[in-house]
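Computation of the quantities below employed the complete heavy-atom set of this structure, encompassing side-chain atoms and omitting hydrogens, waters and symmetry-equivalent molecules.
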Amino acid sequence: MKILYRLMGLPMVIFGVAWLAICLLTGLSNYNTCLLIGTVLVILGIVMYIAKTKRKSPY
């Protein structure tokens, strides 16, 4: 689980942005669930990426 946690930060952000782009292109941007899923993926990806970066840093 720790390995999966370390590797999922940036790909989760990319997938979230792709999800939002797909929702926009298909016209599903009027639905809150579609936008919420993309936003949650981006926010969680950023948090995971920052946590991974802070653990690597000696400061």
Chemist: About how many Å separate CG of Leu28 and OG1 of Thr33, when rounded to the nearest 0.5 Å?
Modeler: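 Atom-to-atom, Thr33:OG1 and Leu28:CG are 8.5 Å apart.
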Chemist: Nearest 0.5 Å please: distance from the NZ atom of Lys52 over to the CG atom of Leu10.
Modeler: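 Spacing of NZ (Lys52) from CG (Leu10) equals 7.0 Å.
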Chemist: Quick check: is Met12 connected to Leu36 through a chain of hydrophobic side chains (ILVMFWY, heavy atoms under 4.5 Å apart)?
Modeler: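 Yes, Leu36 and Met12 fall within the same hydrophobic cluster.
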Chemist: Taking only distance into account, with no hydrogens and no angle test, what donor-acceptor pairs under 3.5 Å do side-chain atoms of residues 38-46 form with protein atoms, sequence neighbours excluded?
Modeler:
unit_1	atom_1	unit_2	atom_2	d
Thr39	OG1	Leu35	O	2.8

Chemist: Mind listing the side-chain donor-acceptor pairs of residues 19-27 below 3.5 Å, one per line with the distance, residues two or more places apart or on another chain?
Modeler:
unit_1	atom_1	unit_2	atom_2	d
Trp19	NE1	Cys34	O	3.0
Thr26	OG1	Ile22	O	2.8
Thr26	OG1	Cys23	O	3.4

